[in-house]
Amino acid sequence: MYKIKLQNFEGPLDLLLFFIKRDELDIYDIPISYITEEFMKYIELMEKLDLEVAGDFILMAATLMQIKAKMLLPKERDEKGEEIDPRADLIAALLEYKRYKEMAEELSISESNQRKLSFRGYYSADNKEAPEDLNLLLKNVTLYDLMKAFKAALAERPREAVHQIQRLNVTIEEQIEFIINSLDKSNEISFIQLVIEMREKIRIIVTFVALLELVKMGRIGLKESGSFNDFIIYGLEENG
Amino acid sequence: MDNIYISVIESLIFSSDEPISPSEVIRAIQEIDGEDISITKEDIEKTVDELNEKYTAGERSFQILRLANGFTHATRPEYAKYVGYLSSVKSKRRLSHAALETLAIIAYKQPITKPEIEQIRGVNSDYMLNTLLEKNLVTIKGRADTVGRPLLYVTTDEFLKYFGLNKIEDLPKPREIDEIMQDEDFIEQKRKIMMNEIEEIIENETGEADNRGSENTSGKDEA
Amino acid sequence: MDNIYISVIESLIFSSDEPISPSEVIRAIQEIDGEDISITKEDIEKTVDELNEKYTAGERSFQILRLANGFTHATRPEYAKYVGYLSSVKSKRRLSHAALETLAIIAYKQPITKPEIEQIRGVNSDYMLNTLLEKNLVTIKGRADTVGRPLLYVTTDEFLKYFGLNKIEDLPKPREIDEIMQDEDFIEQKRKIMMNEIEEIIENETGEADNRGSENTSGKDEA
């Protein structure tokens, strides 16, 4: 048996390209019997060694033998009446594959070049002025302010007699969503504005609790408004 | 010391993962250019001063700081608000792992309630849900018919857009993920071992005792 | 734009741990100094050029690169061996040939499905896709409208950064089939591979712990 040095071929196309290059074959006029023979030797070797031959290789072996058989028959002709080379598809596949194999080399060169560069390694010493954070905001507005505003809101809401006791389907979660949606339209809203339309006390209370929840989560900030009895809620999203 | 090393020292400080000590700088230089390169800690100190002077003269926005454990570049304090803004934007933008996990659960299980999400994740998920709501990646769509009628969460159109999907059915199927994610490492390993064995056998058969012997075939050549 | 922003722009690029886009730079400035600050992408581009000129004049060991649709500071290649020594311990493996090949196909044909990749490579590519997904060099983006609606793969910003590209259009064009045809002996190809290997050998000798092992391109040539 003549010596072939086995490589880690990426697949059957890679193996075929290897034969073509090694034996200086014309890729456009592949001697199909010869290359099939080489290919089969490789596969037989693997089988002889009780090694599992990958399906991709078996498929290629079948394809090669099919082409080889077709080469012996009268050539088929296309619509224009021109002979169809049974190897055409294989050649096209080899060229296409080769094209990307070359690009892989280009990429490999870029990879080498890029590995010569280093990016900045240590960023922790950079001075960062924290953008207004929660603690900072709460300096301006105390819980007392919050309570005061809340009380005022209750006092100012349109008074309507509620005769019936009814169960209200209002949850903190819903009110969180309501607040967030209100903030979506305008990044700032005053508390009075937020609750002005609410008729039921319980809804305002739940909204208030939802506000506290959002403050706790750091999703909104509160700040003073012009009025003593109101305050401004604003979103802490990245661009408001 | 010749100041041919000024740029080398700068590049070492610039690219070091952590503040770099004078002795590490010296070691790197001597390792590359030879032990006989004479360079002292004082040389490094002086070079750093020189670099900082150049930075000041050239109005660079950064300088080299001396921290307890070495030298490092840092932007000057006067740019702190810009730097701070940038870092806060970035930290907010990155979908944290927890948020992503929550999002994945919602995407694949929608419509889903918070208790169900929390059962899967094993942790309270209020914050994550709110983050996702805020980013408009999920939204609330009605309520479940179960006790307490919890809210149902679904993904949004924004979610689809973000992930380049036309519709929610386009999400990669768990089966497809398995297919890609299967551990084929061992197959690859096996293939390499196999190739080596084949080669050995051939080489023995052809009776050629070349100097490669039992070494393997694969590009160790360059070592 | 007054060039009072030159230092601010420099500090933003310097402090960003990933390439920062011109629009991010503008937003940071406007967020801090007011929406009415008039500053365009062209201004940023010009400022970066100006900074790089200053770096060259001042013999800085680093420069600003245009990478992955943004700007980032990086050391000049001439300091590779020194900074390489520093990072040799954690030096990452190079990509295998199979990975590069798969990446090349995805990069040029994106968005592309797995069956299409496999058709070109002629082999099952699950493992490679998994590797590339894990390394964040490619990602999934939606599905093709073809039968079976297979997932579509695209390259990431990390891909651009890894290969030193600013945008995907910066990739060298693949040769036309005709050209490959005329180039029967693939001389050019061989030369490139060789150059690359020589560089690597040099790289290795200069102390980079390159444990790339079996996956390189060499060795395929010798029979």
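What you are looking at is a predicted structure, and each value in this text was computed from that prediction instead of being measured. Labels below follow one simple rule: chain letters A, B, ... track the order of the sequence lines, proteins then strands, and each chain is numbered from 1.
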Of all the heavy-atom pairs spanning [X] and [Y], show the shortest one and how long it is.
{"X": "B/L67", "Y": "A/Y122", "answer": "CD1-CE2, 4.3 Å"}
{"X": "B/T72", "Y": "A/A125", "answer": "CG2-CB, 3.7 Å"}
{"X": "A/E173", "Y": "B/Y153", "answer": "OE2-OH, 3.0 Å"}
{"X": "A/R120", "Y": "B/T75", "answer": "NH2-N, 4.4 Å"}

**Request:** Name the member of B/L151, B/I20, B/D126 that forms the most heavy-atom pairs with chain A at distances under 4.5 Å.
**Result:**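 Most pairs with chain A among the choices: B/L151.
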**Asked** Among B/S11, B/P77, B/P19, who wins on heavy-atom pairs under 4.5 Å with chain A?
**Response**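 Top option by heavy-atom pairs under 4.5 Å: B/P19.
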**Request:** Spell out the residues in residues 54-63 of chain B that have some non-hydrogen atom less than 4.5 Å away from a non-hydrogen atom of chain A, in order of number; otherwise answer 'none'.
**Result:**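 Residues in range: none.
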**Gap between atom CD1 of A/I176 and atom CD1 of B/I140 - 0.5 Å precision** =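 So the CD1 of B/I140 and the CD1 of A/I176 are separated by 9.0 Å.
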**Message:** What I want to check is whether the side chains of A/R219 and B/N130 have a donor and an acceptor closer together than 3.5 Å.
**Reply:**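 Yes, side-chain donor-acceptor contact under 3.5 Å.
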Any side-chain heavy atom of [X] within less than 4.5 Å of one from [Y]?
{"X": "B/R76", "Y": "A/N127", "result": "no"}
{"X": "A/S118", "Y": "B/F14", "result": "no"}
{"X": "A/M217", "Y": "B/E134", "result": "no"}

**Asked** Given a strict heavy-atom distance threshold of 4.5 Å, which part of B/I13 is in contact with chain A: side chain, backbone, both, or neither?
**Response**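 No part of it gets close to chain A.
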**Prompt:** With a 4.5 angstrom heavy-atom cut-off, which part of B/S16 approaches chain A: side chain, backbone, both or neither?
**Reply:**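 Just its backbone gets close to chain A.
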**Request:** Answer with side chain, backbone, both or neither: which region of A/T171 has an atom nearer than 4.5 Å to a non-hydrogen atom of chain B?
**Result:**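 Contact with chain B involves the side chain of A/T171 alone.
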**Message:** Tell me if the CD atom of B/E50 is crowded by more than 12 foreign heavy atoms within 6.0 Å.
**Reply:**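 More than 12 heavy atoms, drawn from other residues, nucleotides or ligands, come within 6.0 Å of this atom.
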**Message:** Taking atom OH as the centre, does B/Y127 end up with more than 12 heavy-atom neighbours from other residues, nucleotides or ligands that are less than 6.0 angstrom away?
**Reply:**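 It does not: B/Y127 OH has 12 such atoms or fewer within range.
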